[in-house]
2 protein chains.
Amino acid sequence: MNLLKGLEKAYYLEAYTIQSLFSFDISPFIQVFQFDKGDFIIQEGTEPEYLFYMVEGKAKLYVTHKNGKVSLINFLTPPIFMGEIELLNEEKYSKSIQTSSKCICLGISIEKCKEKLLADAHFLKYLCIFLSNKSTAHSTKYTKHQAYPLENKLAEFILLSSHQSIYKEKHTEISEYFGVSYRHLLHTFSQLSEAGIIEKIKTGYKVIDKKKLQALADEIK
Amino acid sequence: MNLLKGLEKAYYLEAYTIQSLFSFDISPFIQVFQFDKGDFIIQEGTEPEYLFYMVEGKAKLYVTHKNGKVSLINFLTPPIFMGEIELLNEEKYSKSIQTSSKCICLGISIEKCKEKLLADAHFLKYLCIFLSNKSTAHSTKYTKHQAYPLENKLAEFILLSSHQSIYKEKHTEISEYFGVSYRHLLHTFSQLSEAGIIEKIKTGYKVIDKKKLQALADEIK
DNA sequence: ATAATAATAGGAGATATCTCATGTTTTTGA
DNA sequence: TCAAAAACATGAGATATCTCCTATTATTAT
């Protein structure tokens, strides 16, 4: 992790200005962080220091269970707040965020800024909308995931995440995302292959029968 | 559903004043609703008219899937906002809320009040905290539910919901809450019985071996 | 370039959970 | 109070998913 200064800092502050989210001058309170691939932006159990706003990169929100299982709760892509829960409630971080590529984050010092933020209607309104969208997305995901077998959810996911009919996500990540074992994910992929819906290629899978895939996805509400 | 007037209305407004959540006079915008057991406070697909704040009763938040499955997302108990997501985003209701006993709700007219609410830092701060707690609770529930078998989750739930070692929830509801079949819930109850941890009685179950039950619950993060 | 690490792949058997079917008991509404 | 509806109970067989194991590629770091 690097704290950017000088020209680099200025560049990102200008390219991704977030002043419009606040009704007071936020610039004195912002740092620009650069996280390398694999770095932790936030670690479970540590004390929050910054409210982060990711402007570039891609990260993963994780939680680790007692039994050693890891749940990938979500993929995080800009623009997104991170650590806003801990800004609102005096709590340690309960989840981890790890980058999956280089990430640029604006960090607003909680210590210096908390009171101002919690009194700023403009920011609070934005945050409320952000939180409510997050909540909706989350509850949609999980109620779906509870009500349908992996085959349907995977069909939906392949359609969403493939480009030009090519799917190339990492099995290890996706199995954690769906909360199923690696083995079972593989098994479901080969089912789809055997049904002639997708086809294994060097770099991943190719969608052969989009209609059937869509039909599987459409079984989900 | 009844709109209360006169003395009844005055009684609830006084008993459960929510003026402290707002920095403007909210009283002109509040109605008092009484819902009977089984009534829908909110129905999927309908247009939001009120931001509700439940002060008495108990209700259930549901979603219905294409495949006919129903997920009981949560039990709602006072004090709680309902319909706040739809206040923030211009959307129809995406879930249903049905009472499981008589409920008293304060209803704030969205049409008359939306602008004032979304500019009130005091209210927005409260709402942010509410939403963030909801989000945390939700994500905790679902990551747990994905990572542990019913036996553990049920053990935790029995401990939480039993009084004086007596558990008496409805199987039909609880199976929907956990997103498992009725059959499987029953099966898990009899496992716990066979292990001598609980015992079936007329009105429900009695906790026999609290330590073992706690141990099962403790396997969960 | 090479060793270490992470990701892919698939077999085999166990277990958690589901669906369907059927009967009994309790609760509820007219 | 009686019939209908909801809730409880349980068997049997199917299926979704898991764990453990063992190889074979890719990637990454020194």
Side-chain angles (χ1 to χ4, degrees), chain A residues 36-39 60 62 65 67-72 98-102 144-155 167-195 198-205 216 219-220, chain B residues 36-39 60 62 65 67-72 98-102 144-155 167-195 198-205 216 219-220:
Chain A
D36 292 324
K37 178 174 177 177
D39 279 358
K60 293 175 287 179
Y62 276 111
H65 300 275
N67 64 4
K69 277 195 190 179
V70 171
S71 295
L72 202 188
Q98 186 177 24
T99 66
S100 39
S101 70
K102 188 184 102 171
K144 272 183 190 177
H145 281 212
Q146 170 171 83
Y148 295 89
L150 182 61
E151 190 174 33
N152 299 107
K153 299 176 293 189
L154 187 56
Y167 170 95
K168 44 167 112 176
E169 303 298 321
K170 271 197 234 163
H171 289 337
T172 41
E173 269 186 21
I174 306 310
S175 67
E176 284 173 353
Y177 177 68
F178 282 116
V180 301
S181 66
Y182 181 90
R183 185 67 192 85
H184 185 53
L185 179 64
L186 261 269
H187 182 66
T188 307
F189 266 106
S190 43
Q191 266 179 238
L192 292 178
S193 296
E194 274 166 35
I198 59 175
E199 191 180 66
K200 178 109 197 55
I201 57 177
K202 268 156 287 172
T203 49
Y205 293 84
L216 281 172
E219 286 175 32
I220 302 182
Chain B
D36 293 324
K37 179 175 179 177
D39 280 358
K60 292 175 288 178
Y62 276 111
H65 300 276
N67 64 5
K69 276 195 190 178
V70 171
S71 295
L72 202 188
Q98 186 177 24
T99 65
S100 38
S101 69
K102 187 184 104 172
K144 272 182 190 177
H145 282 212
Q146 171 172 81
Y148 296 88
L150 182 61
E151 190 174 33
N152 300 106
K153 298 175 294 190
L154 188 56
Y167 170 94
K168 44 167 114 177
E169 303 298 320
K170 271 197 235 167
H171 288 338
T172 41
E173 269 186 20
I174 304 311
S175 67
E176 285 174 353
Y177 177 67
F178 281 115
V180 301
S181 67
Y182 181 91
R183 186 64 192 85
H184 185 55
L185 178 64
L186 262 274
H187 182 66
T188 307
F189 266 107
S190 44
Q191 267 179 237
L192 292 178
S193 296
E194 273 165 35
I198 59 174
E199 190 180 68
K200 178 113 198 52
I201 56 177
K202 268 155 286 171
T203 49
Y205 292 85
L216 281 173
E219 287 176 31
I220 302 184

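Computed from heavy atoms alone, side chains included, the values below leave out hydrogens, waters and symmetry copies. Quick note on labels: first sequence line is chain A, next is B, and so on, each numbered from 1.
- Within the 4.0 angstrom heavy-atom criterion, only backbone atoms of the sugar-phosphate kind lie near B/Lys200; the bases stay farther away.
- The separation between B/Tyr167 atom OH and D/dC8 atom P is 9 Å, rounded to whole Å.
- For A/His171 and C/dA9, the shortest distance from a side-chain N or O to OP1 or OP2 is below 4.0 Å.
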Please lay out, stage by stage, how A/Tyr167 and A/Phe189 fare under the test ring-ring contact (aromatic ring centres under 6.0 Å, His included).
CA-CA 11 Å; A/Tyr167 170 95; A/Phe189 266 106; 5.4 Å; yes
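- Regarding A/Phe189, its CZ atom lies at a distance of 15 Å from the P atom of C/dA7, rounded to whole Å.
- At whole-Å resolution of the value, NE2 in B/His145 and P in C/dA16 are 17 Å apart.
- If you take CD of A/Gln191 and C1' of D/dA16, they are 9 Å apart, rounded to a whole angstrom.
- Ranked by how close their nearest DNA chain C nucleotide is to the 5' end, A/Glu173 and A/Gln146 are led by A/Glu173.
- C/dT27 atom P lies 10 Å from atom NZ of B/Lys170, rounded to whole Å.
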A/Phe178 and A/His184: CA distance, side-chain angles, deciding distance, ring-ring contact (aromatic ring centres under 6.0 Å, His included) verdict:
CA-CA 11 Å; A/Phe178 282 116; A/His184 185 53; over 10 Å; no
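- Under a cutoff of 6.0 Å and an axis angle of 45°, A/Lys153 and A/Tyr148 do not form a cation-pi pair.
- Axis orientation changes by 70° from one end of the helix from C/dA1-D/dT30 to C/dA30-D/dT1 to the other, with each end axis drawn from 5 pairs and the value rounded to 10°.
- The two residues A/Lys200 and A/Gly204 have their closest heavy-atom pair at NZ-O, 3.3 Å.
- Looking at every heavy atom in both residues, B/Thr188 comes nearest to B/Glu151 through CG2-CA, 3.7 Å.
- Proximity of A/Tyr205 to the phosphate of C/dA9: a side-chain N or O atom is located under 4.0 Å from OP1 or OP2.
- The minimum heavy-atom distance between A/Glu173 and A/Lys60, with the atom names listed, is OE2-NZ, 2.9 Å.
- For the segment residues 177-186 of chain A, the set of residues with a heavy atom within less than 4.0 Å of an atom of DNA chain C comprises A/Tyr182, A/Arg183, A/Leu186, in numerical order.
- Here the C1' atom of nucleotide D/dA9 and the CD1 atom of B/Ile201 are 17 Å apart, to the nearest Å.
- Heavy atoms only, all atoms of each residue included: B/Ile174 and B/Glu169 are closest at CG1-CB, 3.7 Å.
- If you take CD of B/Glu176 and P of D/dC8, they are 11 Å apart, rounded to a whole angstrom.
- Between A/Tyr148 atom OH and C/dC18 atom P there is a gap of 14 Å when expressed in whole angstrom units.
- With a 6.0 Å radius and a threshold of 12 heavy atoms from other residues, nucleotides or ligands, A/Lys37 has its NZ atom at or below the threshold.
- When every heavy atom of B/Ile198 is checked against every heavy atom of B/Tyr205, the shortest pair comes out as CD1-CD2, 3.6 Å.
- Between A/Thr172 and the phosphate of C/dT8, there is a side-chain N or O to OP1/OP2 separation shorter than 4.0 Å.
- Where A/Pro149 and A/Lys202 each meet DNA chain D at their nearest nucleotide, the meeting point lying more 5' is that of A/Pro149.
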